[in-house]
Amino acid sequence: MSPGQGPSENRTPENGRPDRFDVLVVGGGHAGIEAAWSAANAGVRVAIVTLDASKIGVMSCNPAIGGLAKGQMVREIDALGGLMGRITDATGIMFKALNTSKGAAVRGPRAQCDKHAYAEEAQRLIRARPEIAVIEGGVERLLFEDGALAGAIVRERRVGEQVAVRARAVVLTTGTFMRGLMHTGEDRTPGGRVGEAPATGISASLRELGFEMGRLKTGTPPRLRRSTIDWDALEPQRGDERPAPFSDMTEPSRFPLIGQVECRITRTNERVHGAIRANLHRAPMFSGQIESRGPRYCPSIEDKVVRFADKDSHQVFLEPESHRDDSIYCNGIATSLPRDVQETIVRGMAGCERAEILLHGYAVEYDMVPPHQIDATTMTKRIEGLFLAGQINGTSGYEEAGAQGVIAGVNAARFALGECLVTLGRDQAYIGVLLDDLVTKTPTEPYRMFTSRAEHRLLLRADNAPDRLTPLAREWGICDDARWSRFESRREERAALEETIQRAHLEGVPLARVCKRQEFGVDDLRGVLARLAPRVWSEETLVSALTDQKYEGYLRRQRAEIKRQESMERRRIPEHVAYESVDGLRNEARQALARFRPSTFGQAGRLEGVTPADLTLLLIASRRR
């Protein structure tokens with residue numbers, strides 16, 4: 001299993017950097033920086049290997065963070081001590097809560113960011129951590145010593161030679177770079193992002209080690225020059241008047257931290273759709289040039305036109321990418337059509353008749369590792385100490401990547417320290433839902449988080465993420481004193497507010513009962529409290545307390561249901577169980593169990609092909625053994 005070592009593999013780097021770390025993170029995208037940060041928070045020494053240090057934290061696609069379900073994950077990343085919320089607050093140029101007209105369970109905070117400022121802030125924070133070293137180079141293969149994972153062989157960019165970078169644990173966060181291939185019409189260019197080369201060595205190394213590999217596709221739309229758009233003639237979309245920060249470490253009184261912008265809305269039309277239909281034979285997705293699957297819930301414009309043939313238009317959001325340049329992101333027309341067709345699409349939309357395309361849209365195909373080969377800690381089942389996070393596991397989106405990165409980082413650190421690995425349940429966090437879905441369902445398309453995926457979504461709101469997860473972060477050793485102090489202040493404020501609500505009356509009616517009225521909002525509660533308890537309550541505490549009061553009955557029932565299911569959900573399946581020898585187990589169930597190797601009976605019950613009767617037989621067999 002161990003690749004042979006060449007004479008240069010034991011060379012010590014010449015730049016004074018040590019070649020031994022506790023955790024080695026491969027990749028500097030959103031999964032990579034969260035993994036490195038989380039591992040450093042756990043108290044270990046970390047190295048990030050990236051092809052180009054100036055690309056750390058780059059927003060490859062839309063420079064937006066959050067949204068429905070995704071915003072909840074950003075809050076969870078922050079509650080676990082992660083970076084994404086802090087960076088977003090520092091660089092956000094439009095903050096908007098989505099679905100505010102609907103119930104609390106499906107609302108989601110979102111922010112448009114300055115893409116240049118975001119990457120710079122990510123790099124500043126990484127550089128500020130003495131526990132994290134950055135190595136520019138490409139990983140050629142994983143390194144094994146005495147049959148155990150010991151790091152990676154890296155071709156350093158500065159010297160062009162191979163060096164052995166040793167570590168007790170390795171986290172692969174390769175994004176779209178593993179054998180990345182970009183498509184625009186008939187043109188194909190190797191790369192994981194425009195202007196950047198693909199990573200080829202890791203895929204071959206993983207195959208040699210026996211990993212099953214897959215291939216997925218994602219895409220991006222064209223970017224336009226704002227000065228060539230009839231901006232003022234288009235319908236504006238504005239941010240919230242009183243936006244809320246993502247991070248608990250952001251001071252609300254100073255927020256937002258930089259100038260805010262507006263977006264604009266335009267639409268495709270039948271003329272545009274006609275041009276797309278006439279050129280489908282030139283579209284890589286339809287010509288057979290691309291064989292892998294793309295994200296069904298974020299389709300290309302050519303896919304939309306085919307799938308929704310009855311629609312004569314599709315909404316397109318024109319979103320500024322930065323204060324520093326004129327680039328506008330066309331949210332809604334991701335495409336890999338040829339450049340001339342993209343020009344027709346763009347100039348066929350209202351307000352864009354004279355628009356100049358700065359960067360044409362493209363699709364990118366990349367290798368991934370079907371995630372039935374990891375468990376919910378993100379560690380691979382085949383190799384101890386090897387963790388996978390981000391698009392390598394078949395997900396899409398910055399938020400999904402960052403969420404996996406946090407868990408991979410803390411677990412890689414715990415593995416290096418000889419401590420037990422940790423997981424999150426479906427009832428604890430969207431991150432728990434994400435990882436459970438990945439290890440029980442092999443993605444046939446890039447996985448994207450939705451509120452509908454979480455059966456306990458009323459418990460997993462954005463406003464209560466710190467209450468759910470910051471105590472766990474403290475227990476895991478990744479919550480510093482500053483964050484814990486803020487959390488304790490929040491907890492004390494919340495307790496005082498709950499006591500006030502329970503004791504107070506409004507015109508003879510208990511305030512707790514008044515809070516349950518659907519028409520009674522946060523501003524109403526603030527006004528009542530100003531008369532009853534003259535102190536300043538934070539917006540977040542008011543929102544969270546009022547929501548819990550409004551949905552008290554539903555929350556109580558959900559918690560009771562979780563408690564009933566807990567014994568099976570958390571009960572571990574003994575590793576020694578041989579599925580082929582379990583009497584009465586159906587072949588379909590045997591195959592699913594052998595392929596996914598679920599850790600718990602709860603996970604086993606969510607596998608396609610496993611019935612309640614199969615679970616009963618498995619439970620009996622495990623008891624006998």
Side-chain angles (χ1 to χ4, degrees), residues 59 61-71 88 92-102 106-115 219-243 256 259-276 295 297-305 307-308 310-323 325-335 337 341-361 397 448 450:
M59 307 182 92
C61 197
N62 189 358
I65 294 291
L68 305 180
K70 290 169 172 277
T88 300
I93 54 179
M94 191 181 102
F95 293 84
K96 188 175 182 64
L98 307 183
N99 263 3
T100 53
S101 63
K102 298 184 179 179
V106 295
R107 297 170 190 161
R110 182 186 186 272
Q112 192 74 12
C113 295
D114 184 310
K115 66 179 181 182
T220 191
R223 274 70 160 180
L224 311 182
R225 189 183 299 280
R226 175 174 165 161
S227 58
T228 62
I229 300 171
D230 191 359
W231 194 256
D232 293 332
L234 295 173
E235 176 188 348
Q237 186 186 48
R238 301 179 175 89
D240 294 336
E241 288 186 17
R242 293 189 309 193
Q260 300 296 285
V261 302
E262 295 178 355
C263 298
R264 289 293 186 270
I265 300 173
T266 185
R267 302 189 72 89
T268 62
N269 51 54
E270 192 51 51
R271 177 178 155 223
V272 168
H273 294 188
I276 293 170
Y297 297 105
C298 189
S300 66
I301 185 60
E302 51 266 39
D303 198 19
K304 286 181 186 178
V305 168
R307 282 170 53 193
F308 308 107
D310 57 319
K311 292 191 174 294
D312 56 12
S313 70
H314 294 283
Q315 200 169 53
V316 179
F317 293 91
L318 303 177
E319 301 172 329
E321 292 197 304
S322 177
H323 282 305
D325 61 31
D326 214 16
S327 181
I328 299 295
Y329 183 92
C330 294
N331 191 347
I333 54 168
T335 184
L337 282 161
V341 183
Q342 292 189 38
E343 301 275 352
T344 301
I345 293 170
V346 166
R347 291 178 180 165
M349 299 187 303
C352 301
E353 293 85 355
R354 292 178 295 279
E356 177 187 343
I357 296 180
L358 295 173
L359 175 67
H360 288 84
R448 179 180 178 180
F450 294 99

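The basis for the numbers below is simple: all heavy atoms, side chains too, and nothing from hydrogens, waters or symmetry mates. We count residues from 1, following the sequence as given.
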Should [X] and [Y] count as side-chain neighbours, where that means a heavy-atom distance under 4.5 Å?
X    : Y    : value
V346 : E356 : no
C330 : L318 : yes
I333 : M349 : yes
Y329 : P221 : yes

Testing the basics here: between [X] and [Y], what is the closest heavy-atom pair and its distance to 0.1 Å?
X    : Y    : answer
F317 : Q315 : CZ-OE1, 3.2 Å
P299 : R307 : CB-NH1, 3.7 Å
H323 : D114 : N-OD2, 2.9 Å

Item to complete: Please determine which of K96, R226, R238 meets the salt bridge (charged side-chain N to carboxylate O under 4.0 Å, His left out) test together with E262.
Response: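 Filter result, single survivor: R238.
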Item to complete: Find the distance between CZ (R223) and CG (D326) and round it off to the nearest 0.5 Å.
Response: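 With rounding to 0.5 Å, CZ (R223) is 14.5 Å from CG (D326).
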Worksheet item: Does the side chain to side chain contact (heavy atoms under 4.5 Å, CB included) test come out yes or no for H273 and H314, once each step is laid out?
Response: CA-CA 10 Å; H273 294 188; H314 294 283; 3.6 Å; yes
Worksheet entry | Electrostatic pair R110-E319, nearest N-O below 4.0 angstrom |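 Looking at R110 and E319, the cut-off is met.
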Fill in: Short side-chain to backbone donor-acceptor contact, K304 and G332, under 3.5 Å
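Present.
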Worksheet entry | Pair N269-D312, side chain to side chain contact (heavy atoms under 4.5 Å, CB included): steps then yes or no | CA-CA 6 Å; N269 51 54; D312 56 12; over 6 Å; no
